[in-house]
J.: 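One structure is given below, represented as structure tokens, and several questions about it will come after.
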Amino acid sequence: MNSIPQEIIRRKRDGLALTTQELSDFFDGFLRGYVADYQMGAMLMAITLRGMNGQETADLTQIMRDSGTKLSWPYPRQQIVDKHSTGGIGDKTSLVILPLVLCEGAKVPMMAGRGLGHTGGTLDKLEAVGWSVYLSEDQIAAQMASLGGCIMGQTEHVVPLDRRLYAMRDVTATVESIPLIVGSILSKKLAEGIGGLVLDVKYGSGAFMATTADARELASQLATVGRSCGLSIHCTLSDMNSPLGTHAGNALEVAECCEVLNGKGPSDTTELSLHLAAEMVQLAMPTRSGADIRNSLRRHLKDGTAWRKFLQIAEAQGGDLELLIDYKKLYRAPIKKAVVLTGGPIVTSVDTRQLGLAILALGGGRKLVTDKINPWVGLTELKRVGAQLSSGEPVAIVHAADETTAEVAANLISRAYRLGDEANPGVLFEDIP
Ligand code: URA
């Protein structure tokens, strides 16, 4: 290590930009044991308070990417794409998008995460239906060749620096720093060896970014840094002031995806999934027209091609095909409780974060990374802002393991929903340049 760690911290503390060499000395030095945890804690706080310019964020992203294994493919890089969503309540689009995009011939080595706190994780949803998410390199390569892609968990060899930094950010009040978020998200996507990335940045009560302004800022930095690291990027902002779709909770969300893939799902999940899938295909095949891609994707939902592809991926990864084909069997929590509210015929607002907390109270989420979850609990028949309710119609049905947790969840849901006479449902999603 060339520079003294405390001198590098001092420069960032005083608001100066760090050079590529200083960043590499400090962050590589941390992995090699030359920088102590307390020094990294101080650096993370200095970055949170002082920020980073585009060059520093790109340098940090690349140092993180290079801290572990990178996937490499015998395919043109442009053809290999993925998407990242910043997450929210009922956000289950990955399971619909993967088969759709593979039907078009793009390649997708999708690395997904677990749920922590009030938002769910794709890996937990897949494990609810027996899907193996930790694949060997040989399995990944074989599935990329035979089906075009897979959904997998990140192994400990991929971006190990992110794992260590994320654990420290969690306990040093530095999770919210935009350059640190950008480095964390993009380093993992770059390690997949992709050429194109679609970003679904969510805003609203149940999202990481509460306001559209914050979501725009995150999207803009993700796009700028991603492009400077050689990725083609498309950014969509989407609304998390309503739950996405009608189902939230692990197995229940898989059931909704099965509905969508059979052409019978709720329109919000269907439309957002189709949109993000179309943008991924467009990045992989830039000479095709947008209209041709969109029509083709809709056809895959209508004629069962996407559903059959989904079942093939499930089979390759050990998923329970019987449970997926007969997906009504996924509704197996013993207690069902309807939440019926008064106050008007229209849903005027939803605090979606409270819905996430209700799922946590049911045992469907984690407070600690080590917590075990109950895959069957959750919520169905969820209503969006602007929904018109008939007399006695519930805003949600709670699926619980017992009466006590059902009651706690129902109370949280009652507090989350406001009813009245008129509402502004907002826009489901918009693209940003
Ligand atoms: N997702 C990540 O992977 N990292 C962050 O820092 C935030 C969201």
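Every number for a ligand or one of its atoms is a count from 1 in the order of the listing. As the structure is a prediction and not an experimental result, all values here were calculated from the model.
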J.: Got a sec: does the CD of Glu7 have more than 12 other heavy atoms crowding it under 6.0 Å?
T.: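 Enclosed.
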J.: Give me the nearest non-hydrogen protein atom to atom 3 (O) of ligand 1 as residue plus atom name, then the distance to 0.1 Å.
T.: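 Ranked first by proximity to atom 3 (O) of ligand 1 is Lys188 NZ, 2.5 Å.
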J.: Check this for me: Arg163, atom CZ, are more than 12 non-hydrogen atoms of other residues, nucleotides or ligands nearer than 6.0 Å?
T.: yes
J.: Got an N/O contact under 3.5 Å between Tyr166 and ligand 1?
T.: no
J.: Considering only protein heavy atoms, which is closest to atom 1 (N) of ligand 1, and at what distance to one decimal place?
T.: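 Minimum-distance protein heavy atom for atom 1 (N) of ligand 1 reads Ile185 CG1, 3.8 Å.
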J.: Compare every heavy atom of Arg288 with every heavy atom of Ser296, then report the nearest pair and how far apart it is.
T.: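 Here Ser296 and Arg288 meet closest at CB-NH2, 4.0 Å.
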J.: Heavy atoms only: which of Ser184, Gly87, Ser187 is nearest to atom 4 (N) of ligand 1?
T.: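 When every heavy atom of Ser184, Gly87, Ser187 is considered, Ser184 comes closest to atom 4 (N) of ligand 1.
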J.: Minimum heavy-atom separation for Leu95 and Val254, please, with both atom names.
T.: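 Heavy-atom minimum between the residues: CD2-CG2, 4.1 Å.
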J.: For Tyr203 and Val427, work out which heavy atoms get closest and say how close.
T.: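 The answer is OH-O, 3.8 Å.
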J.: Taking only heavy atoms of Phe208 into account, list the atoms of ligand 1 that are under 4.0 Å away from them.
T.: 7 (C)
